[in-house]
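What follows is a single structure, written as structure tokens, with notes after it.
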Amino acid sequence: MSPRRANMESSVYQGSDGWWHGRVTMGVKDDGSPDRRHRRARTETEVRRKVRELEAQRDKGRAPRAGRKPTVEQWMTTYLTDIASLKLKPRSLDDYWSKTRNHLIPGIGQHRLDKLQPEHLEVMYRKMLDAGYADSHVLKVHRILSRALKIAHRRRLVGENVATLVDPPTVDETEANPFTVEEAKAFLEAAAKRPTFMRWVVGVGMGFRQGEALGFRWKYVDLDKELFHPQWQLQRLKWRHGCDDPHACGERLHRFDPCPPNCRTHKNYKRGCPKPCAKNCTKHASTCPERKGGGLVFTRPKTKRSRNSVPIPPPFIPYLWEHKAQQEALRAEAGDAWQEHNVVFSRPDGRPIDPRDDWAEFKELLEEAGIEDRRQHDGSRHTAGTILNELGVDLPTIMEVLRHSQIGQTRRYVKGRSHLAKAAMRRMGDTLLPAQKPPTETKSETRDNRAARARRRRRIR
């Protein structure tokens, strides 16, 4: 009778099929039954190596959980539905879903999570780059996948996060292009002809983000104490289905065949023809009778520091009082048609300004002011940080005004100017090497001159 094996001891034996088999006790399953893992190889040496690797994972607490592992598509759906949705802001979650549906699921969605290899990711990234996607877009897809695999590794669904073994594309940081002081003045002169003048004064002069400026409400503006309290921002969110069967709800809008080469239906689309729907498409939520969570919505800023109060420049106060009086006049003129939202910058009927209309107006003002095209973020937030720096304000103070959480982020918002750098180097030169005094004109005397003067003196005597 063979001696009884100790608890958790592995067994290695040769089966009747000619293979060597190893059995490793890993613990217990969720249902309480023993968790015994199986490994096999052609030789005893090889199977013992596999058994030792499995035992090492068990002893370090890194062994993957028992059971069939989900595919990448199944895990990404679980991750975005049950895990990421608890932490991410709505706009960020929509972006995660979009990149997952368009890239991760078609590219590697059918791979089992524990069978995913770095080569699978590299092939997918290469195809995305060949298709014309920007490096920054590919990098964002990589970060989303890496975060999902990190959670899977933490929950012992995989033994390693393979995304950490892949080098994603390197992205050069987009160089800011803020207004100069002259351009900022020209921009505001063009804006002064419009009823939204103070919206652009606040954006350029105080560096508020677009959503923050459009989301200002009078309740959070203290003109007596000269303070703005940016507690909310205005964002456009995607609609979500409120019905039980999203696929059937959007049935009449499903389009499974690609457009013909010379499609005239979508000829005015900036991004070309939309992609065909997936077989189980759940889009088209905007037409759902029970749609929810979309449209223009007031949301909290991304970070707690973004809600810090910001002092209003005193010269802005009279203009804000005048703007408030004009809005009161519009309210009285609109009568019952006025829709009260208590926003500082509103449409003529009281509704908040649509971010799309705000962006279009920014482009129009650039053209009217004769300024070259640039991002709206450059013309507001980057401009405020750069001009404050030119006025001699130190970085910690600029960080407080822009409400950044790290000073390194503030440095990226402040762009140096060549004329300031030239003046600074002039001061450096004057400090280290003081300017030389101009040479005085002197006449060197020779012996002949002295002799001549001596002869003249003798003659005089």
Side-chain angles (χ1 to χ4, degrees), residues 89-91 184 187-239 286 293-302 306-369 376-377 379-381 383-384 403:
K89 296 289 184 180
R91 284 281 291 272
F187 180 86
L188 294 180
E189 286 179 5
K193 306 172 186 176
R194 299 178 180 241
T196 54
F197 172 59
M198 284 310 299
R199 179 266 174 273
W200 300 113
V201 170
V202 168
V204 175
M206 302 184 67
F208 285 110
R209 304 174 180 91
Q210 182 194 44
E212 293 172 344
L214 299 183
F216 273 138
R217 287 186 275 188
W218 288 112
K219 178 180 178 181
Y220 303 102
V221 179
D222 192 339
L223 295 180
D224 295 327
K225 295 183 179 179
E226 301 180 355
L227 286 176
F228 269 134
H229 303 283
Q231 298 295 313
W232 297 91
Q233 60 182 350
L234 186 70
Q235 288 187 324
R236 179 176 290 281
L237 304 182
K238 291 185 178 180
W239 291 102
S286 60
L296 291 178
V297 179
F298 288 100
T299 63
R300 288 289 189 182
K302 191 172 183 179
S306 296
R307 299 198 291 268
N308 288 354
S309 301
V310 181
I312 304 175
F316 290 8
I317 299 298
Y319 290 94
L320 285 170
W321 280 116
E322 182 181 354
H323 173 77
K324 190 172 185 179
Q326 292 173 354
Q327 193 179 67
E328 292 292 340
L330 287 175
R331 180 186 288 105
E333 182 180 348
D336 295 337
W338 182 267
Q339 301 181 32
E340 185 58 66
H341 290 274
N342 196 35
V343 290
V344 176
F345 309 115
S346 65
R347 306 184 199 183
D349 60 357
R351 292 182 298 161
I353 298 175
D354 192 313
R356 297 169 183 170
D357 297 336
D358 184 75
W359 179 86
E361 185 176 22
F362 174 77
K363 297 297 182 179
E364 292 174 1
L365 290 173
L366 287 179
E367 186 175 354
E368 291 177 13
Q376 189 171 359
H377 209 59
S380 56
R381 201 154 175 80
T383 295
R403 293 157 293 123

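Being a predicted model, the structure only gives us computed values, none of them experimental.
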Mark yes when over 12 heavy atoms from residues, nucleotides or ligands other than Trp218 sit less than 6.0 Å from its CH2; otherwise mark no.
yes
Separation between CD (Glu322) and CD (Gln326), nearest 0.5 Å, reads 5.0 Å
For atom CD of Glu364, decide whether the heavy atoms of other residues, nucleotides or ligands shown that lie under 6.0 angstrom number more than 12.
yes
Have a look at Glu368 and tell me which of Lys363, Arg194, Lys193 forms a salt bridge (charged side-chain N to carboxylate O under 4.0 Å, His left out) with it.
Arg194
How many angstroms lie between CD in Gln231 and OG in Ser309, if you round to the nearest 0.5 Å?
7.0 Å
Quick check for you: to the nearest 0.5 Å, what is the distance between Thr196 atom OG1 and Asp357 atom CG?
11.0 Å
Within a strict 4.5 Å, meaning less than it, do heavy atoms of the Phe208 and Arg381 side chains meet?
no
Taken to the nearest 0.5 Å, the spacing of His229 NE2 from Phe216 CZ works out to 10.0 Å
Run Lys324 and Val221 through side-chain contact (heavy atoms from CB on, under 4.5 Å) and show every step you take.
CA-CA 11 Å; Lys324 190 172 185 179; Val221 179; over 6 Å; no
Among all residues two or more places apart in sequence or in another chain, which pass the ring pair (Phe, Tyr, Trp, His ring centres under 6.0 Å) test with His377?
His382, Tyr413
Close side-chain approach of Pro352 to Val343, heavy-atom, < 4.5 Å:
yes
Could you check whether any side-chain heavy atom of Ile353 comes within less than 4.5 Å of a side-chain heavy atom of Glu361, counting everything from C-beta outward?
no
If we only count heavy atoms from C-beta on, is the Arg356 to Arg236 side-chain gap below 4.5 Å?
yes
Do other residues, nucleotides or ligands put more than 12 heavy atoms under 6.0 Å from Glu333 CD?
no
Heavy atoms, side chains only, cut-off 4.5 Å: are Arg300 and Arg307 in contact?
yes
Any Leu234 side-chain heavy atom under 4.5 Å of Phe345 side chain
no
Provide the closest heavy-atom pair for Pro230 versus Arg403 in the form atom of the first, atom of the second, distance.
CG-NH1, 3.9 Å
Which heavy atom in Met206 sits nearest to a heavy atom in Ile312, and how many Å separate them?
CE-CA, 3.9 Å
Parallel, tilted or perpendicular, judged at 30° and 60°: which one describes the rings of Trp200 and Phe187?
perpendicular
How about Ser380 and Gln210: does a side-chain donor come under 3.5 Å of a side-chain acceptor?
no
Just wondering, do Trp338 and Leu330 contact through their side chains at under 4.5 Å, heavy atoms?
yes
Just so I know, are the side chains of Gln327 and Ser346 near enough to count as touching, which here means a heavy-atom distance under 4.5 Å?
yes
Going through the checks in order, is the side-chain contact (heavy atoms from CB on, under 4.5 Å) test met by Val344 and His323?
CA-CA 9 Å; Val344 176; His323 173 77; 4.2 Å; yes
Shortest non-hydrogen separation from Arg199 to Ala213 and the atoms involved
NH1-CB, 3.8 Å
State which residues pass salt bridge (Lys or Arg N to Asp or Glu O under 4.0 Å) with Arg209; sequence neighbours excluded, sorted by chain then number.
Glu212
Rounded to the nearest 0.5 Å, how far does OG1 of Thr299 lie from CG of Leu237?
6.5 Å
About how many Å separate CG of Asp354 and CH2 of Trp359, when rounded to the nearest 0.5 Å?
12.5 Å
Is it true that Asp349 and Arg347 have a side-chain N and a carboxylate O under 4.0 angstrom from each other?
no
Against Val202, only a single residue in Phe228, Phe197, Tyr319 fulfils side chain to side chain contact (heavy atoms under 4.5 Å, CB included); can you say which?
Phe228
